[in-house]
Chemist: 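Once you've had a glance at the structure underneath, I'll fire off some questions.
Chain naming here is simple, since letters A, B, ... match the order of the sequence lines and numbering starts at 1 in each.
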Amino acid sequence: MSSQSGGAKRQARVLKGFRDYLPEQMILRQRIIGIFRDIFERHGFEPLDTPALEYLEILTGKAGENEKLMYRFEDAGGREVGLRYDLTVPLARVVAMHQNDLALPFKRYHIAPVWRAENPQRGRFREFWQCDADIVGSASPLADAEVIAIMAEALEAIGIPEFVIRISHRRLLESLGHAAGVPPELATALYRSIDKLDKIGPEGVTRELTAAGLSEKQAAKVLELVTRRGEPLQLLAELREALAGIEGAEAAIADLEQIFRVLPAFGVAPKRYTLDLTLARGLDYYTGPVFEATVTEPKVGSVGGAGRYDGLVGAFLGRSIPATGMSLGLERIIEVVREHGLLPIPATVADVALVFFPETVAPAAQLASTLRAEGLRVDLSLQPHRGVGDQLKLADRKGIPVAVILGSSELEAGSAQVKDLRSGEQCGVPLAELATAVRDYIDRA
RNA sequence: GUGCCUAUAGCUCAAUCGGCAGAGCGCUUGUCUGUGGAACAAGAGGUUGCGGGAUCGUGCCCCGCUAGGCACCCCA
């Protein structure tokens with residue numbers, strides 16, 4: 001038996017790492033999502049959505065160690081299910097299930113929440129939104145390049161001042177390992193340590209590598225190869241020489257060369273990308289080129305990750321289909337936007353507040369309809385009895401830029417008062433010209 | 001999942017050694033019958049995150065829980 005009022009009340013709360021999005025935040029989130037959607041569609045990517053909940057076996061096959069971060073439980077029918085961990089695995093499932101309905105290469109975007117049972121931190125939540133764009137059915141580095149270009153365009157469109165897309169290649173890293181004499185079973189440990197270079201430094205990496213079983217010489221060799229810096233194409237030429245005869249190296253280098261040649265043609269500025277072989281990335285399903293967009297200020301880690309995963313669709317289908325794609329993290333991008341004060345947006349969706357009196361309720365409601373038909377977003381006051389002052393104050397507090405005041409004297413004159421709530425400027429306007437006048441005031445902002 | 005730090009009014013934060021829980025802003029009302037932001041005055045608002053313990057007595061000490069921040073891990 002629950003109490004209705006009085007008695008013990010239920011404590012209002014939300015789960016750790018989960019949040020409410022109040023209107024002001026929603027307006028910003030929707031704005032950013034709209035920008036991304038435009039860019040994705042401009043590249044011919046189609047929208048897709050999938051269920052939040054999947055059979056657990058769909059999610060667990062290729063996630064490797066991340067399985068422990070997955071929300072999993074048994075549903076009321078006894079099925080083992082899980083909340084999706086990313087948008088890539090569901091895409092692979094969709095392609096496998098609907099291959100007859102999809103023309104390859106299939107380009108899709110997917111903007112939706114995913115769930116990971118991690119400890120929350122700045123820009124890190126248990127429920128968060130990813131904005132993904134992927135290409136399924138093309139093995140060409142051209143597809144990788146387009147994905148990188150979209151990522152760069154998206155971050156550029158938001159106005160993020162300092163971002164760099166680091167580009168690496170799983171196969172090339174493997175070859176580096178071979179060249180240094182690292183046994184295959186230590187490859188994973190190798191990637192993980194190298195990935196931490198900027199955090200723990202060369203000494204830290206050396207310590208970890210030798211602890212994992214590499215000799216000091218091997219560790220030093222790997223570090224030397226991986227930390228080379230320079231103009232990408234020139235650096236690749238050097239690596240081609242250094243890795244001559246090493247299995248897989250040539251193909252990986254050729255992939256990267258194609259990517260770096262095409263990127264400028266896609267309109268990506270050279271300062272926005274770099275060849276960085278210390279990038280490995282954690283997800284097990286990456287098989288080729290991998291990319292990551294990092295922002296140095298504020299420190300929210302990467303704002304987007306990407307890469308080629310040629311084996312993932314095949315895991316559901318039996319025959320292999322190549323795929324590549326990228327993922328932008330909405331929450332982390334919002335952190336950057338907030339930190340730098342980018343994308344100034346109104347705190348409300350309303351263009352105009354309609355203020356009136358008990359004796360002008362009906363005409364005011366009618367006027368609101370007219371203004372809405374003209375395309376304005378009208379917040380009709382619901383408290384005419386509270387007086388003009390209070391209504392104006394409330395409208396201003398909400399952040400509405402303009403008020404229209406309709407009283408009986410205006411009504412008799414066939415006009416209304418239009419007031420700029422920021423400057424206080426006000427004048428009478430004939431009803432027929434009202435919408436235009438309101439727009440003029442808004443544009444003055 | 002692990003470690004460290006934190007939690008006091010709607011918000012930001014005070015509160016001496018363990019001794020009556022406060023300020024600023026915001027909010028409500030009034031000065032002000034159809035014009036907000038200013039000023040002045042008054043007022044409301046708290047089981048000090050939740051639960052337990054030690055103490056004559058706790059916002060303050062101890063334990064557990066929950067949430068937030070930072071780091072690890074991992075990642076968007």
Chemist: With A/F291, which residues qualify under ring pair (Phe, Tyr, Trp, His ring centres under 6.0 Å), at least two apart?
Modeler: none
Chemist: Applying ring pair (Phe, Tyr, Trp, His ring centres under 6.0 Å), can you list everything that pairs with A/F356, at least two apart in sequence or on another chain?
Modeler: none
Chemist: Mind checking what makes salt bridge (charged side-chain N to carboxylate O under 4.0 Å, His left out) contact with A/R207, not counting sequence neighbours?
Modeler: none
Chemist: What nitrogen or oxygen pairs link the protein and nucleotides 1-8 of chain B at under 3.5 Å?
Modeler:
from: B/U2; atom 1: O4; to: A/N119; atom 2: ND2; distance (Å): 2.4

Chemist: Can you list, pair by pair, the side-chain donor-acceptor contacts under 3.5 Å of residues 392-413 of chain A, counting residues two or more places apart and other chains?
Modeler:
from: A/K398; atom 1: NZ; to: A/D379; atom 2: OD2; distance (Å): 3.0
from: A/E410; atom 1: OE1; to: A/G407; atom 2: N; distance (Å): 3.0

Chemist: Compare the minimum distances between each of B/C74, B/G36, B/A76 and the side chain of A/R332, then state the nucleotide with the smallest one.
Modeler: B/A76
Chemist: Which string of ( ) [ ] | and . matches RNA chain B, if you list each base 5' to 3' and count Watson-Crick or G-U pairs only when both distances are under 3.5 Å?
Modeler: (((((((..((((.....[..)))).(((((.......))))).....(((((..]....))))))))))))....
Chemist: Please, which pairs that meet salt bridge (Lys or Arg N to Asp or Glu O under 4.0 Å) have at least one residue in residues 119-129 of chain A, sequence neighbours excluded?
Modeler: A/E118-A/R124, A/R122-A/E335, A/R122-A/E339
Chemist: Go through the structure and list residues passing ring pair (Phe, Tyr, Trp, His ring centres under 6.0 Å) with A/F316, not counting sequence neighbours.
Modeler: none
Chemist: Would you mind telling me which of B/C73, B/U35, B/G68 lies closest to the side-chain atoms of A/Q121?
Modeler: B/C73
Chemist: Just wondering, are more than 12 heavy atoms of other shown residues or ligands nearer than 6.0 Å to CD in A/E216?
Modeler: no
Chemist: Taking N or O atoms only and anything under 3.5 Å, show me the protein contacts with nucleotides 30-34 of chain B, one pair per line.
Modeler:
from: B/G34; atom 1: O6; to: A/S408; atom 2: N; distance (Å): 3.2
from: B/G34; atom 1: O6; to: A/S409; atom 2: N; distance (Å): 3.0
from: B/G34; atom 1: O6; to: A/S409; atom 2: OG; distance (Å): 2.6
from: B/G34; atom 1: O6; to: A/E410; atom 2: OE1; distance (Å): 3.4
from: B/G34; atom 1: N1; to: A/S409; atom 2: OG; distance (Å): 3.3
from: B/G34; atom 1: N1; to: A/E410; atom 2: OE1; distance (Å): 2.7
from: B/G34; atom 1: N1; to: A/E410; atom 2: OE2; distance (Å): 3.1
from: B/G34; atom 1: N2; to: A/E410; atom 2: OE2; distance (Å): 2.5

Chemist: Looking only at side chains, do A/S327 and A/D132 share a donor and an acceptor under 3.5 Å apart?
Modeler: yes
Chemist: Applying ring pair (Phe, Tyr, Trp, His ring centres under 6.0 Å), name anything that partners A/F36, two or more places apart in sequence or on another chain.
Modeler: none
Chemist: Which residues pass the salt bridge (charged side-chain N to carboxylate O under 4.0 Å, His left out) test with A/R42, sequence neighbours left out?
Modeler: none
Chemist: Among residues at least two apart in sequence or on other chains, which ones pass side-chain hydrogen bond (donor to acceptor under 3.5 Å, both in side chains) with A/Y21?
Modeler: A/R29
Chemist: Using whole Å, report how far CD of A/E425 lies from C1' of B/U35.
Modeler: 15 Å
Chemist: Give the nucleotide from the list B/C75, B/C27, B/A67 with an atom nearest to the side chain of A/R116.
Modeler: B/C75
Chemist: Less than 4.0 angstrom between a side-chain N/O of A/K199 and OP1 or OP2 of B/A71, yes or no?
Modeler: no
Chemist: May I ask you to evaluate whether A/R19 reaches the phosphate of B/G68, defined as a side-chain N or O under 4.0 Å from OP1 or OP2?
Modeler: no
Chemist: Quick one: label A/D420 by what it contacts on the DNA or RNA (base, sugar-phosphate, nothing), any heavy atom closer than 4.0 Å.
Modeler: base
